[in-house]
Amino acid sequence: MAAGSASQKNPVETDAVIVGAGPCGIFQVFELGLLGIKAHVIDSLPEVGGQCAELYPDKPIYDIPGIPVCTAEELIQRLLEQIEPFDAQFHLGEEVLEVEPQEGGSFKVVTSLGTVFHAKTVFVAGGVGSFQPRKLKVEGADALEERHVHYRVRNPAVFADQRLVVLGGGDSALDWALDLADRAACLTLIHRRPEFRAVPASVEKMRALCDQGKMDYLQGTVDSLITSDAVLEGVVIRDAEGEERQLAADHMLVFYGLAPKLGPIANWGLNINRKTINVDTEKFQTNVPGIFAIGDINHYPGKKKLILSGFHEAALAAFAAKAHIEPGRKVHLQYTTTSPLMHERLGVSDDAG
């Protein structure tokens, strides 16, 4: 993998630009590579893996064919290993701002860092657009973000022997509360309602830990923060009865969910359907010929938001892209098991060295 940049005078020439470096975007590289199509991958996140690797790297995945169980991070590593023969170029920490059709059916793609691509095809594989965590709307929270107020867990070791307050009632809140309860000096889970969105098994485990005195649960909302010299010292909670309670805290972990935002994608002239992009089910092409959408970002009748479905979409979109790049030329289906050309492209032929 390598990152690159180009000015307006020297655009990157490529067969395909893939917007999104999650599982489906990475697998799109593989399917394109089998057909001899070179790709550049752009993602606004600083690392490969998309939302699942960024937010849930340790969550188990059970429905990938041939892999009984793996974590999101393990899946990303296996996909990256699979695409090594195709030398895809990754441009991370860049957001695609413009996709402008050019004469002849190609596209000018411009990123937030000023990188310019001249691409024959574009693949939108950006999950459900750009996810933004729903922020804690309490005075002073923004100033403490990443130091004392956290919307994701990058390094669990940071919270060892600390006084923790976890906010939320979904899977992320419960998962991290259960994971950190034994490591923290003390941990309190706060949720505004008695009902939880998390799976019942996690709620049962949480209540059991509360009974054992290993963590606390409080129904209520955060009213204000207690700070000293820009350091979090505690939080003021308004409980279900409307009473104020103070909790000592070194860190707050906020899991109020994610707000999907299409961002600049909404301005690319695509047929948008409730923050997703309409595609056909033959090519997974948008209303703009040469622009395809795969994974959770797309919509069609019967759509299922599964990684497995995105892999299928990537395969068919690759064949459609090949036909778009080489109009009038028949695209033959060849099997990786028996095709010498596929073996050569994968680097497993006798002549591959």
Would you call Leu346 and Phe30 a side-chain contact if the rule is heavy atoms closer than 4.5 Å? yes
How close do Ala16 and Leu32 get, heavy atom to heavy atom, and via which atoms? CB-CD1, 3.9 Å
How long is the gap from CD1 on Ile265 to CG on Leu97, to the nearest 0.5 Å? 11.0 Å
ring-ring contact (aromatic ring centres under 6.0 Å, His included) with His251: which of Tyr151, Phe159, Trp176? Phe159
Counting neighbours of CZ on Arg245 that are heavy atoms of other residues, nucleotides or ligands and sit closer than 6.0 Å, is the number greater than 12? no
Within the 4.5 Å heavy-atom criterion, are Leu45 and Leu92 side-chain neighbours or not? no
Donor-acceptor pair, side chain of Asp15 and main chain of Lys38, under 3.5 angstrom: yes
In this structure, CD1 of Ile294 is separated from CD of Gln28 (nearest 0.5 Å) by 4.0 Å
Within 6.0 Å of CD in Gln212, more than 12 heavy atoms from elsewhere: yes
Can you check whether Ile237 reaches Val222 side chain to side chain, under 4.5 Å on heavy atoms? yes
Should Ile61 and Ile76 be counted in the same cluster of Ile, Leu, Val, Met, Phe, Trp and Tyr side chains packed under 4.5 Å apart? yes
Salt bridge or not for Glu74 and Arg78, using N-O below 4.0 Å? no
Please check if atom CG in Asp229 has more than 12 non-hydrogen atoms from other residues, nucleotides or ligands closer than 6.0 Å. no
Are Val29 and Ile307 in one and the same hydrophobic cluster, where Ile, Leu, Val, Met, Phe, Trp and Tyr link if side-chain heavy atoms are under 4.5 Å apart? yes
Rounded to the nearest 0.5 Å, how far apart are CZ of Phe117 and CD1 of Ile42? 4.0 Å
Phe284 and Tyr300 aromatic centres sub-6.0 Å: yes
Can you tell me how far the CG atom of Leu218 sits from the NE2 atom of His191, to the nearest 0.5 Å? 12.0 Å
Please determine whether residues Ile226 and Leu232 belong to a single hydrophobic cluster, defined as Ile, Leu, Val, Met, Phe, Trp and Tyr linked transitively by side-chain heavy-atom distances below 4.5 Å. no
Is a donor on one side and an acceptor on the other found under 3.5 Å between the side chain of Lys303 and the backbone of Gly295? yes
Under 4.5 Å between any side-chain heavy atoms of Leu270 and Val288, yes or no? yes
Side chain to side chain contact (heavy atoms under 4.5 Å, CB included) between Ile26 and Val41, worked out: CA-CA 8 Å; Ile26 299 172; Val41 185; over 6 Å; no
Measuring from Glu313:CD to Ile297:CD1, what's the distance to the nearest 0.5 Å? 11.5 Å
Apply side chain to side chain contact (heavy atoms under 4.5 Å, CB included) to the pair Met342 and Tyr335, showing each step before the final yes or no. CA-CA 7 Å; Met342 296 292 102; Tyr335 298 103; over 6 Å; no
Main-chain N/O of Ala317 paired with Gln285 side-chain donor or acceptor, under 3.5 Å: no
Stepwise, does the side chain to side chain contact (heavy atoms under 4.5 Å, CB included) test hold for Ile277 with Trp268? CA-CA 11 Å; Ile277 302 170; Trp268 297 353; over 6 Å; no
Side chain to side chain contact (heavy atoms under 4.5 Å, CB included) between Leu180 and Leu253, worked out: CA-CA 11 Å; Leu180 296 171; Leu253 285 71; 3.7 Å; yes
Going from OG1 on Thr281 to CG on Asn298, what distance comes out if it is rounded to the nearest 0.5 angstrom? 10.5 Å
Strictly distance-based, threshold 3.5 Å: is any side-chain N or O of Gln89 a donor or acceptor partner for the main-chain N or O of Asp87? yes
Flag the pair Val279 / Phe292 as yes when at least one side-chain heavy-atom distance between them is below 4.5 Å, and no otherwise. no
Validation: residues 193-206 side-chain donor-acceptor distances under 3.5 Å, sequence neighbours left out:
none

Return yes if some donor-acceptor pair links the side-chain N/O of His148 with the main-chain N/O of Asp250 below 3.5 Å, else return no. yes
Do Lys135 and Glu145 have side chains that approach each other closer than 4.5 Å (heavy atoms only, starting at C-beta)? yes
Please confirm whether the backbone N or O of Val331 pairs with a side-chain atom of Lys322, one donor and one acceptor, at under 3.5 Å? no
Are Leu34 and Leu341 linked, directly or through intermediate hydrophobic residues, by side-chain heavy-atom contacts shorter than 4.5 Å (ILVMFWY only)? yes
Given the rule that I, L, V, M, F, W and Y join up when any side-chain heavy atoms are under 4.5 Å apart, are Leu306 and Ile64 in one cluster? no
Any side-chain to backbone donor/acceptor pair from Ser224 onto Val236? Under 3.5 Å, distance only. no
Distance-minimising heavy-atom pair for Ala314 and Glu31: O-CB, 3.9 Å
Which atom pair, heavy atoms only, marks the closest approach of Gly49 to Pro23? O-CD, 3.9 Å
Can you check whether Gly269's main-chain N or O pairs, donor with acceptor, with Asn287's side chain at less than 3.5 Å? yes
Scanning both residues in full, the closest heavy-atom pair of Ile67 with Cys70 reads CG2-CB, 3.9 Å
Within the distance-only criterion (no hydrogens, no angle test), does the side chain of Arg147 pair as donor or acceptor with the backbone N or O of Ala143 below 3.5 angstrom? yes
Grab the two heavy atoms, one from Arg345 and one from Pro85, that are nearest each other, plus how far apart they are. O-CB, 3.6 Å
Could you tell me whether a side-chain N or O of His91 sits under 3.5 Å from a main-chain N or O of Asp43, the two making a donor and an acceptor? no
Could you tell me if the side chain of Val149 sits less than 4.5 Å from the side chain of Val138, heavy atoms only? no
Are side-chain heavy atoms of Leu247 and Ile190 found at a separation under 4.5 Å? yes
Ala230 versus Leu144, closest heavy-atom pair with distance: O-CD2, 3.5 Å
